[in-house]
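For reference, the structure discussed in these notes is given below.
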Amino acid sequence: TMAQENAKITMFFTVSPAETCVSETLNTLVFAQKLQNINLSYLKKNTIGEKLESITKQLDRERGEKNQIVKKIDRIQRDLDNYKNSLKGKEDELSNNSDKIKKREKDVQDQNERMVKEINELKRREEQLLKEKNRMQTQLNKERDSKKKLNSQLKQKAKEFKDYLNADEQRK
């Protein structure tokens, strides 16, 4: 698109050295001169798309991290469940190790709580990123609409100029 950083617009005009084409050649050259003076600097590089892509990648990374943490929590929960199940028939055998077991359970619970907090934080961050993505998508859509409107205006001006040239040609 014209909005990309290094984009250029090229137009070809046909002129003739024949005397019968002098009027049309002059009109073509005048038109080309006017087009050359059109300022397209308002078409800036669309960095919103890049930001949106960056945020989307970051969101995907954070989702991956969240999924890994969820898997860790599930594994830890399974470990904890298995650990508790293995203790049922062995209470007498393990009674002198009860302090160690309680400590391990506390460590697992602490780790579980930390991971739950991390998941909650990742969910909050995901919501923020989704809101930002939606805001940026809305802004991008507005800019696209503005670009379409400007292109439409440019086409209209070109049509008016062509009509003007045709009217001028008919007057002669």
Side-chain angles (χ1 to χ4, degrees), residues 1-77 110-172:
T1 66
M2 292 189 298
Q4 291 177 342
E5 187 174 328
N6 296 319
K8 302 220 183 290
I9 298 174
T10 303
M11 296 185 86
F12 293 94
F13 297 93
T14 304
V15 295
S16 172
E19 273 188 50
T20 58
C21 298
V22 167
S23 175
E24 197 167 324
T25 296
L26 287 175
N27 285 335
T28 299
L29 293 172
V30 167
F31 178 67
Q33 181 67 35
K34 287 182 180 182
L35 283 179
Q36 190 175 15
N37 294 330
I38 292 176
N39 182 2
L40 297 177
S41 65
Y42 63 89
L43 297 173
K44 296 179 182 172
K45 182 177 180 185
N46 184 354
T47 58
I48 291 176
E50 292 173 1
K51 288 179 184 176
L52 185 60
E53 183 178 332
S54 172
I55 287 174
T56 302
K57 285 180 182 178
Q58 183 179 359
L59 181 61
D60 289 342
R61 278 193 307 274
E62 289 186 9
R63 280 182 181 156
E65 291 172 7
K66 180 189 84 170
N67 289 338
Q68 288 177 352
I69 290 171
V70 167
K71 286 178 184 178
K72 285 180 183 178
I73 288 173
D74 288 342
R75 190 172 55 245
I76 290 170
Q77 189 62 49
D110 290 345
Q111 187 177 9
N112 193 19
E113 288 174 8
R114 284 192 304 274
M115 289 184 172
V116 166
K117 286 179 183 178
E118 287 180 27
I119 287 174
N120 289 335
E121 179 61 27
L122 287 172
K123 285 179 182 178
R124 185 191 64 75
R125 180 67 179 141
E126 180 181 23
E127 288 175 10
Q128 288 175 337
L129 289 171
L130 285 173
K131 286 179 185 177
E132 180 68 15
K133 178 182 176 183
N134 290 338
R135 185 190 66 76
M136 294 181 93
Q137 186 66 44
T138 300
Q139 188 176 354
L140 178 63
N141 289 339
K142 286 179 183 177
E143 288 186 16
R144 284 181 181 155
D145 291 343
S146 175
K147 181 182 173 184
K148 286 179 185 177
K149 183 178 177 183
L150 290 171
N151 282 337
S152 175
Q153 290 173 351
L154 182 61
K155 287 179 184 177
Q156 180 63 33
K157 292 295 179 184
K159 183 183 180 307
E160 289 174 9
F161 185 75
K162 183 178 177 183
D163 291 344
Y164 169 77
L165 290 177
N166 288 339
D168 187 43
E169 187 67 30
Q170 288 177 357
R171 277 184 253 147
K172 292 183 180 184

(request) Give the intermediate values and the outcome of side-chain contact (heavy atoms from CB on, under 4.5 Å) for residues E113 and D110. (result) CA-CA 5 Å; E113 288 174 8; D110 290 345; 4.3 Å; yes

(request) Could you please spell out the steps behind the side-chain contact (heavy atoms from CB on, under 4.5 Å) verdict for Q128 and K131? (result) CA-CA 5 Å; Q128 288 175 337; K131 286 179 185 177; 5.8 Å; no

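When all heavy atoms of E169 and N27 are compared, the closest pair comes out as OE1-ND2, 4.0 Å. Looking at every heavy atom in both residues, I73 comes nearest to V116 through CD1-N, 3.9 Å.
Under the side chain to side chain contact (heavy atoms under 4.5 Å, CB included) criterion, N141 pairs with Q137, R144, not counting sequence neighbours. Qualifying salt bridge (charged side-chain N to carboxylate O under 4.0 Å, His left out) partners for R114, counting only residues two or more places apart in sequence or in other chains: none. With sequence neighbours left out, Q77 forms a side-chain hydrogen bond (donor to acceptor under 3.5 Å, both in side chains) with D81. For E121, the side-chain hydrogen bond (donor to acceptor under 3.5 Å, both in side chains) partners two or more places apart in sequence, or in a different chain, are R124. Shown here are the salt bridge (charged side-chain N to carboxylate O under 4.0 Å, His left out) partners of K57, two or more places apart in sequence or in another chain: E53. Residues satisfying the side chain to side chain contact (heavy atoms under 4.5 Å, CB included) test with N67, not counting sequence neighbours, are none. With sequence neighbours excluded, the residues satisfying side-chain hydrogen bond (donor to acceptor under 3.5 Å, both in side chains) with R63 are E126. The side-chain hydrogen bond (donor to acceptor under 3.5 Å, both in side chains) test applied to K71 returns no partner, not counting sequence neighbours.
For the atom pair T28 OG1 and Q33 CD, the distance stands at 13.0 Å (nearest 0.5 Å). One distance of note links NZ of K133 with CG of L59; it measures 7.0 Å at 0.5 Å rounding. Expressed to the nearest 0.5 Å, how far CG of D74 lies from CD1 of I69 amounts to 12.0 Å. The line from CD of E127 to CG of L129 is 10.5 Å long, rounded to the nearest 0.5 Å.
Using a 4.5 Å heavy-atom threshold, the side chains of R125 and K66 count as separate.
Here ring-ring contact (aromatic ring centres under 6.0 Å, His included) pairs that include residues 113-133, with residues two or more places apart or in two chains, number zero. Sequence neighbours left out, the pairs with a member in residues 152-161 that pass side-chain hydrogen bond (donor to acceptor under 3.5 Å, both in side chains) are Q156-E160, K159-D163. For residues 112-161, every residue pair satisfying the ring-ring contact (aromatic ring centres under 6.0 Å, His included) rule, not counting sequence neighbours, is listed here: F31-F161. Applying the ring-ring contact (aromatic ring centres under 6.0 Å, His included) definition to pairs two or more places apart or across chains, none involves residues 112-134.
A side-chain donor-acceptor contact under 3.5 Å links T25 to the backbone of S16.
A 6.0 Å sphere centred on CD of E118 holds more than 12 heavy atoms belonging to other residues, nucleotides or ligands.
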